[in-house]
Amino acid sequence: MTALPLVFDAPRRGMPPRHLADLTREEARAAVTELGQPAFRADQLARHYFRGITDPAEMTDVPAAARETLAEALLPGLLTVVRHQTADNGRTRKTLWRLHDGALVESVLMRYPDRATVCISSQAGCGMACPFCATGQAGLTRNLSAAEIIGQAVAAAAAMANGEIDGGPGRLSNVVFMGMGEPLANYARVRKTLDALLTPAPHGLGLSQRSVTVSTVGLVPAIRRLTEEGRNVTLAVSLHAPDDELRDTLVPINTRWKVGEVVDAADAYAKKTGRRYSVEYALIRDVNDQPFRADLLGKLLAGKLAHVNLIPLNPTPGSKWDASPLPAQREFVARLRAAGVATTVRDTRGQDIDGACGQLAASEDLGVPTVALPTPELEPTVPLGAEADEE
Ligand code: SAH
């Protein structure tokens, strides 16, 4: 397997036009006023948008003459469905989206008896280069705009409400940033997305803080920034190894921020929010699943406000790695629990449609990743977590 470089500076090219969902409520009202309309039309548009209405003709509380102008200026179609694929008896649906510049991303909606979760993408591709992850191997195409990220959640909420997923009409209850991309490498837009997810309807999706999970490879300055900003969503940290020697190879960002620093940052987050964080650990046969590593992980996390989520590795094309066999998984769980660490094993929803963790590659031909590395036209280099990634 060839080692890919870490990429922090997302190409600027390809960013989509401005959308209502990129704006604060005040900005949206100002934009509407500039178009010669009363400010309250911004609220009307937001109400339609968050309900998943995309056709201006359905916005009947807005005068017909104003609809087209407003929709054209503030509701450009940013996400086009290329295809849906379903699995798990119709309870899991993966959507491949085409963005305005042709870039492709995926989201996965999973319905359970007690909840419905959508897994959304925050970047087209990913620059973090984790060798076991299909997205990581495809490289970074570009950051998604806030509206491109929010739109995936809005579409999922509408699909649930409209009864598009087996089981009848329902409500989207959870959002996880576990699709393509490293959310904390696209910090400002992800933060805007959190605002939209948490703001009560009709100006947002009205989800609870605990039901939104941001999963990160471990960008320590950005975790600290999230801690200060008090969004209080659930944090998941992709650890995958308890020791720096192995983590340096599995999660290359570890060469910058070590296991101890990542765990310290997550602890500080838990202390501030009073909420447990998740430690994600993909169990890879004979790579990170040895009993001694379970003990090391147990020692690292004992007494902390953490919960380990073990993910038997999902196969990705061309990878030599495999999931840990069941006995090794069981032994790993038993050792962690013996150390007093809450541990669960994640189910593998969507595996047969390449929709499980780490399998999202956004290819139009099944199985062949088509996300090409762009000719870089780089945004100015900024330290991660700095304000400069604001639009
Ligand atoms: N960039 C974020 C989101 C990534 S996807 C992050 O790193 O946390 C969500 C989880 O799936 C991460 O923990 C990621 O490491 C894990 N993952 C990636 N590839 C996987 C694979 N092939 N099998 C199982 N889990 C995988």
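Indexing begins at 1, ligand by ligand and atom by atom, following the structure's order. Sequence positions, counted from 1, serve as the residue numbers for this chain.
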Subject >> Protein heavy-atom partner closest to atom 23 (N) of ligand 1 - residue, atom, separation in Å >> reply: N314 N, 2.9 Å

Original post:
Is there a heavy atom of S122 sitting under 4.0 angstrom from any atom of ligand 1?
Top reply: no

Original post:
Considering only heavy atoms of C133, which atoms of ligand 1 have at least one such atom less than 4.0 Å away?
Top reply: 18 (C), 19 (N)

Original post:
Which atoms of ligand 1 are found less than 4.0 Å from any heavy atom of V217?
Top reply: 6 (C), 7 (O), 8 (O)

Original post:
What do you reckon, is CD of E261 surrounded by more than 12 foreign heavy atoms closer than 6.0 Å?
Top reply: yes

Subject >> Closest to atom 14 (C) of ligand 1 (judged by heavy-atom distance), picking from Q137, H240, M128, E182 >> reply: H240

Original post:
Which value, rounded to the nearest 0.5 Å, describes the distance between M180 atom CE and Q152 atom CD?
Top reply: 10.0 Å

**OP:** Check the angle between the aromatic planes of H84 and W97 and answer parallel, tilted or perpendicular using the 30° and 60° thresholds.
**Re:** perpendicular

**OP:** Quick one: look up the protein heavy atom nearest atom 17 (N) of ligand 1 and list residue, atom name and how far away it is.
**Re:** F132 CE1, 3.8 Å

Original post:
Angle class for the Y281/F332 ring planes (parallel below 30°, perpendicular above 60°, tilted otherwise)?
Top reply: tilted

Original post:
Can you tell me the protein heavy atom closest to atom 19 (N) of ligand 1 and the distance?
Top reply: G358 CA, 2.9 Å

**OP:** Flag the pair R25 and D43 as a salt bridge only when some basic side-chain nitrogen lies within less than 4.0 angstrom of an acidic carboxylate oxygen.
**Re:** yes

Original post:
Starting from atom 2 (C) of ligand 1, which protein heavy atom do you reach first, and at what distance in Å?
Top reply: S215 O, 3.3 Å

**OP:** Provide the number and element of each atom of ligand 1 under 4.0 Å from a heavy atom of T316.
**Re:** 22 (N)

Original post:
Taking the minimum heavy-atom distance to atom 4 (C) of ligand 1, which of C130, P315, G179 ranks first?
Top reply: G179

**OP:** Count the heavy atoms belonging to other residues, nucleotides or ligands that lie under 6.0 Å from NZ of K271, then report whether that count exceeds 12.
**Re:** no

**OP:** Heavy-atom contacts with G181 under 4.0 Å: which atoms of ligand 1 show up? List them by number with element.
**Re:** 1 (N), 2 (C), 3 (C)

Subject >> R51 atom CZ, neighbour heavy-atom count above 12 within 6.0 Å >> reply: no

Original post:
Can you tell me which residue and heavy atom of the protein come closest to atom 7 (O) of ligand 1, and the distance to 0.1 Å?
Top reply: S238 OG, 3.3 Å

**OP:** Check ligand 1 against E280 and write out every atom of the ligand that is under 4.0 Å from a heavy-atom position of the residue.
**Re:** 13 (O)

Original post:
What's the spacing between S121 OG and L144 CG if we round to 0.5 Å?
Top reply: 7.0 Å

Subject >> Closest protein heavy atom to atom 25 (N) of ligand 1, given as residue, atom name and distance to 0.1 Å >> reply: C357 CB, 3.5 Å

Original post:
Does A65 offer a backbone N or O that forms a donor-acceptor pair with the side chain of E68 under 3.5 Å?
Top reply: no

Original post:
Which protein non-hydrogen atom lies closest to atom 5 (S) of ligand 1, naming both residue and atom, and how far is it?
Top reply: M178 O, 3.3 Å

Subject >> Over 12 foreign heavy atoms within 6.0 Å of CG, N89 >> reply: no

